[in-house]
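Read the structure below first, then the notes.
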Amino acid sequence: MNTNNAQPNNIPQHVAIIMDGNGRWAKQRGWKRVMGHQNGIAAVRAATETAAQMGVKFLTLYAFSTENWQRSQSEVDALMSLLVDAIEKEVPELQKNKVRLLAIGNMQALPPKVAQKFERAIAQTAGNTGLTLIIALSYSGRWEIVDAAKRLCTKVLSKQLQPNDITEEEFARVLQTSAIPDPDLFIRTGGDQRISNFLLWQLAYTELHFADVLWPDFRREHFVAAIADYQQRERRFGKVNE
Ligand code: FPP
């Protein structure tokens, strides 16, 4: 596959990434799993910078799933403090590069300190007009769809909405991503080829790219290769191309 030849005129508007393989990367070195997460931050930076430079408008990173709460308490705690540190350290860089930060997921499930840091960084970067960086935190696609169903039920019960008025558009309006276009390109590192409860509704017509690299090793060339792969695809959205 060509790794350097992404065309400037067909850049995906929204790229969504499952950053997998941190634990294995650390184990390969005889280190604790958390070292893999720590070294994943450089890859987060590389992906964000490359996305911004290439003209991607939205980048979503799956940082913590609802299932990740079941990991050992020490790994969960380490991931939470890593997130707090990363946000604190990176805000000036986000500001400099005009990156707007957003979060999707069940923020109420997060330790208050983590939720507050994110809320603050989101407010600080709200006026930025460059790349929108969306961090999925305590997020899962099924949780989001159930949450959306509850919101719709509340609207029906309060007579703001009739059951027959529930269309795909109406449903999408109560998802976490209501203000974000669906991803054009999905990237998963780490070697597994599955969606793992990420953006289940939004990935309906997304092109899938599986990068054979562990997340801490993911760099600009891997991102460019994924874009070049995307540019080879013919997107039909269920229609025929004549
Ligand atoms: C999956 O690897 C990775 C995670 C559960 C966490 C990813 C989070 C970061 C890299 C920090 C992100 C920070 C910001 C600010 C966005 P794994 O542990 O499942 O790896 P394995 O499959 O090798 O076990």
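Just follow the structure's listing: the first ligand is 1, and inside any ligand the first atom is 1.
- When non-hydrogen atoms are compared, ligand 1 lies under 4.0 Å from neither the backbone nor the side chain of Leu214.
- By the 30° and 60° cut-offs, the orientation of the rings of Trp69 relative to Phe64 is perpendicular.
- For atom 19 (O) of ligand 1, the closest non-hydrogen atom on the protein side is Arg71 NH2, 2.9 Å.
- A side chain to side chain contact (heavy atoms under 4.5 Å, CB included) with Thr189 is found for one member of Asp217, Ile18, Asn22, Val213 and no other, namely Val213.
- Of the protein's heavy atoms, Met19 CE, 4.0 Å lies nearest to atom 9 (C) of ligand 1.
- Taking every non-hydrogen atom of Arg33 and a distance limit under 4.0 Å, the qualifying atoms of ligand 1 come out as 17 (P), 18 (O), 24 (O).
- Of all the heavy atoms of Asn22, the ones lying under 4.0 Å from any atom of ligand 1 are found in both the backbone and the side chain.
- Ligand 1 places these atoms under 4.0 Å from at least one heavy atom of Leu83: 13 (C), 14 (C).
- Among the atoms of Asp20, some N or O lies under 3.5 angstrom from an N or O of ligand 1.
- Near Ala63, the atoms of ligand 1 lying under 4.0 angstrom from a non-hydrogen atom of the residue are 6 (C), 7 (C), 8 (C).
- With a heavy-atom cut-off of 4.0 Å, Lys27 does not touch ligand 1 at all.
- In Arg142, the CZ atom is not crowded: 12 or fewer heavy atoms of neighbouring residues, nucleotides or ligands sit closer than 6.0 Å.
- Annotation: atom 11 (C) of ligand 1 to nearest protein heavy atom, Ile41 CD1, 4.0 Å.
- Ranking the protein heavy atoms by distance from atom 16 (C) of ligand 1 puts Ile135 CD1, 3.5 Å first.
- For the ligand labelled ligand 1, residue Gly21 lies inside the 4.0 Å heavy-atom shell.
- Of the N or O atoms in Trp25, none lie within a sub-3.5 Å distance of an N or O in ligand 1.
- Protein heavy atom closest to atom 15 (C) of ligand 1, with residue, atom name and distance, is Ala86 CB, 3.7 Å.
- Under a 4.0 Å criterion applied to the non-hydrogen atoms of Asn68, ligand 1 contributes the atoms 5 (C).
- For the residue pair Arg219 / Thr50, no side-chain donor-acceptor distance below 3.5 Å is found, with atom types taken as modelled.
- For the residue pair His14/Gln202, the side-chain donor-acceptor check at 3.5 Å is not satisfied.
- Between the side chain of Arg233 and the backbone N or O of Leu208 there is at least one donor-acceptor pair closer than 3.5 Å.
- Within the model, atoms CG of Asn97 and CD of Glu90 stand 10.0 Å from one another, a figure rounded to the nearest 0.5 Å.
- Using a 4.0 Å cut-off to heavy atoms of Arg24, the atoms of ligand 1 that qualify are 21 (P), 22 (O), 23 (O).
- A donor-acceptor pair is defined here as one N or O able to donate and one able to accept, closer than 3.5 Å; no such pair exists between the side chain of Trp215 and the backbone of Asp20.
- Note on ring orientation: taking the six-membered ring where Trp is involved, the planes of Trp143 and Tyr139 are perpendicular (angle over 60°, cut-offs 30° and 60°).
- No more than 12 heavy atoms of other residues, nucleotides or ligands sit less than 6.0 Å from atom CG of Asp212.
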